[in-house]
Amino acid sequence: MNIVVCIKQVPDTATIRFEPRAERVDISGATLIINPMDEYAIEEGLRLREKYGGKVTAISLGTKETEETLRTAIALGIDEGILVSDPLFEGSDAYVTAYVLAQAIKKLGSFHLVLFGKSSSDNDTAWTGPAVAEFLGISDVTFVKKIEEISESRARVQRMMEEGYDLIETSLPAVFTVVKEINEPRLPSLKGKLKAKSYKVPIWAATDLGLDSTKFVKAGVKSELLRVWVPEARKGGTIFQGEPEDVAAQLVQALKEQQII
Amino acid sequence: MADFNGVVGVAEQRNGKLQSTSLEVLTVARKIADDLGTEVTAILLGSSDGDTPAERGADRVWMVSAPELEHFQAGVYNQVLGHLLAELKPEVIVGAATIAGKALFGRLAANLGTGLASDAVAIETDKEKRTVAVTRAVYGGNAVAQWVVRTLPQIITIRSKVFGEAKPNGEKGEVIQKDVPRELFSSPAKWLKSAEERGQSVNLSQADIIVSGGRGLRGPENFAMIDGLANALGGAVGASRAAVDAGWISYAHQVGQTGKTVNPKLYVACGISGAIQHLAGMQSSKCIVAINKDPEAPIFKIATYGIVGDLFVVVPALTQKLKAQNE
């Protein structure tokens, strides 16, 4: 079973300094990591390979710095990690990102499954996976929490919904986006770390994907970021102290006065 | 640009019932249409139990009824909507950023060759340019970004519990049954069944009140206490990552960066310290109550009301008090 995992490098939210009221988010000092949800996609790819054989390839669209993220994927056990990078891709929105990823997946050749984390921790749009499926002309199942059965031609999976899950059957190839419940990601092995150290990340530019600049403009960016700002930090309010019965009564009264309950 | 006209609100039904976020979709669609001086067409796939967008602000409703549309199927919905939208050519499409909406609209954007601005918590219509700017949370709610789609139709999706449900307005729009080619009803992915998990108590994105438990609960058995308080408040049950990772409660209940983002009227955090990843999922709640024994817990920095104390005493006391009031 040949599996492609699409991963994204993101700044670790916990290491970003958000300046209140700032008109930008400064990520220069932040640690760059694999998007946390993508770790579950990688893990699922590795588990499927262990069970059914085949190859797991990671693809990431990014800059030279993104090589590190692909190396981390290699350390986790991914067979091949490809960086898709070109100055032409700078300022890509989710639409262009999905379009470019779809071209890169096509270039890889035959595959059975494309895996994504459900969304990224920075923009959290959750729509790159489904858009890639549309560009590839294959089906997709989002928010997969369990793969019940899978072969090279079909899969039956549970898709998380608000009140439980839907059971979906699909032919393969398909795109799945996965949620955290699907597995527990492993840590990199020593062998993996050694492999990652000497691994030379292949870089695919626009021309490697058959995207010349004229063609690319046609598929071009559809949305524009107007501005970013850091909202005023939420402030703490009233602290109730005293005997449990008293604080409970005070809280209930406050919630009633504010017409919250 | 002149070829594109009007606003479409895509309504979602589950078991024939219009979803609450869809009623908010109608609010937003109406607002944008009024700003642009144009009309709202609601699209409803599958049957509805009688409650119709036609009575909630839509000038007309396009309905497609077929067994294949009774349950949400991203592939089929995308094909049918793509077909209808090619005929309608709206300037703006408004949808819900529910789990189904997240599956559908990304695919639809690629299908229509247009952009999507998702998860709006605020919208701003530019009447001159006839564009709708969408304000959305980024970096787990620590920052906010404003996006605009530069191609038509502009697709936007809205977060639940932000815009308010459209109420019946005493007028009735026209309901039109649309026929679409049968082949649009088949897709390589098929819905087999839906399974509920702890019923409504887990539907966090639709809940007005959420009571969440964290590491401070010390064990799975103590979630009964959280259930009790949630019951007394008529709310849903949430959890921190720590409680989910410990196996005390299922992932469906997890609030935070790797779980659900919620926006209830009232969020009660019990025994949750308030790691940034948790705050990412709940800090836009209107009122936050924190119950924690550690006065230094970061959750108190954002809580509207805080109680520093032993949750094993405070939570039952609070539940009792609420029960007494309800009687």
Side-chain angles (χ1 to χ4, degrees), chain A residues 13-14 16 18 25 36-37 93 95 98 121-127 130-131 133-135 139-143 160-171 179-181 222-231 234 236-241 244-245 247-249 251-252 254 258 260-261, chain B residues 75 98-99 102-103 106-107 109-111 114-118 133 138-140 142-151 187-197 202-203 205-206 233 251 257-258 265-266 276 283 287 300-309 313-314 317-318 321-322 325:
Chain A
T13 306
I16 303 173
F18 295 97
V25 175
M37 296 307 301
D93 61 358
Y95 185 95
S121 63
D122 49 1
N123 288 328
D124 193 24
T125 68
W127 71 276
E134 180 70 16
F135 287 129
S139 78
D140 73 285
V141 187
T142 50
F143 289 46
M160 181 176 147
M161 294 297 277
E162 273 87 2
E163 287 170 26
Y165 67 87
D166 284 357
L167 193 63
I168 309 286
E169 189 169 73
T170 181
S171 61
V179 294
K180 188 190 138 184
E181 194 177 7
K222 310 292 182 195
S223 50
E224 187 188 331
L225 178 62
L226 298 177
R227 62 190 195 107
V228 179
W229 69 100
V230 177
R234 193 176 175 128
T238 317
I239 302 280
F240 297 115
Q241 278 170 328
E245 284 75 21
V247 293
L251 176 62
V252 170
Q258 299 297 315
I260 289 158
I261 56 171
Chain B
T98 51
I99 294 180
K102 282 176 192 287
R107 196 150 185 157
N111 179 4
T114 191
L116 160 60
S118 67
V138 290
Y139 298 108
N142 289 292
V144 185
Q146 198 179 36
W147 282 89
V148 67
V149 176
R150 290 292 183 210
T151 46
S187 147
K190 283 186 177 54
W191 172 93
L192 299 178
K193 69 163 190 172
S194 294
E196 280 203 3
E197 202 173 326
V202 75
N203 194 341
S205 53
Q206 302 288 326
L233 284 165
Y251 170 64
Q257 190 162 289
T258 51
K265 226 159 63 179
L266 173 62
I276 185 168
Q283 62 190 353
C287 176
F300 287 120
K301 292 205 175 74
I302 64 150
T304 323
Y305 301 111
I307 295 176
V308 180
V313 186
V314 175
L318 191 54
K321 184 83 202 157
L322 287 161
Q325 300 248 345

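A note on names: the letters A, B, ... follow the listed sequences, proteins ahead of strands, and every chain is numbered from 1. Because the structure is a prediction, the values reported are computed rather than measured.
To the nearest 0.5 Å, the span separating CG on B:L192 from CD1 on A:I168 amounts to 7.0 Å. Atom CD1 of residue A:I261 and atom CD of residue B:Q325 lie 7.0 Å apart, to the nearest 0.5 angstrom. Considering CG of B:L233 and CD1 of A:I260, their distance stands at 11.0 Å, rounded to 0.5 Å. Between atom OG of residue A:S139 and atom NZ of residue B:K190 there is a gap of 9.5 Å, rounded to the nearest 0.5 Å. Note that CG of B:N111 and CD of A:E134 are 4.5 Å apart. Values are rounded to the nearest 0.5 Å. For the atom pair A:L251 CG and B:I307 CD1, the distance stands at 4.5 Å (nearest 0.5 Å).
Ranked by heavy-atom pairs under 4.5 Å with chain B, the list A:L225, A:T170, A:T13, A:D140 is led by A:L225. Chain B forms the most heavy-atom pairs under 4.5 Å with one residue out of A:P130, A:A126, A:A249, A:P244, and that residue is A:P130. Of the listed residues A:S121, A:S223, A:P36, the one with more heavy-atom pairs under 4.5 angstrom with chain B than any other is A:S223. When each of A:E181, A:M161, A:M37 is scored by its heavy-atom pairs under 4.5 Å with chain B, the top score falls to A:E181. Chosen from A:Q258, A:M160, A:K180, the residue pairing most often with chain B at heavy-atom distances under 4.5 Å is A:K180.
Every residue two or more places apart in sequence or in another chain that forms a side-chain hydrogen bond (donor to acceptor under 3.5 Å, both in side chains) with B:T98 is listed here: B:E12. Applying the side-chain hydrogen bond (donor to acceptor under 3.5 Å, both in side chains) criterion to A:T142, with sequence neighbours excluded, gives no partner residue.
If you measure heavy-atom distances from B:A117 to chain A, you find no contacts under 4.5 Å at all. The contact between B:S205 and chain A is made entirely by side chain atoms (from C-beta outward), counting heavy-atom distances below 4.5 Å. For B:T114, the part lying under 4.5 angstrom from a heavy atom of chain A is the backbone only. When heavy atoms are compared at a cutoff of 4.5 Å, B:I302 approaches chain A by way of both its backbone and its side chain. With a 4.5 Å cut-off on non-hydrogen atoms, B:K301 touches chain A through its backbone but not through its side chain. For B:L116, the parts sitting under 4.5 Å from any heavy atom of chain A are the backbone and the side chain alike.
Residues A:Y95 and B:A109 share a closest heavy-atom pair of CE1-O, 3.7 Å.
A 4.5 Å side-chain heavy-atom check between B:T304 and A:R234 finds at least one atom pair inside the cut-off.
Between the A:E162 side chain and the B:I99 main chain, a donor and an acceptor come within less than 3.5 Å of each other.
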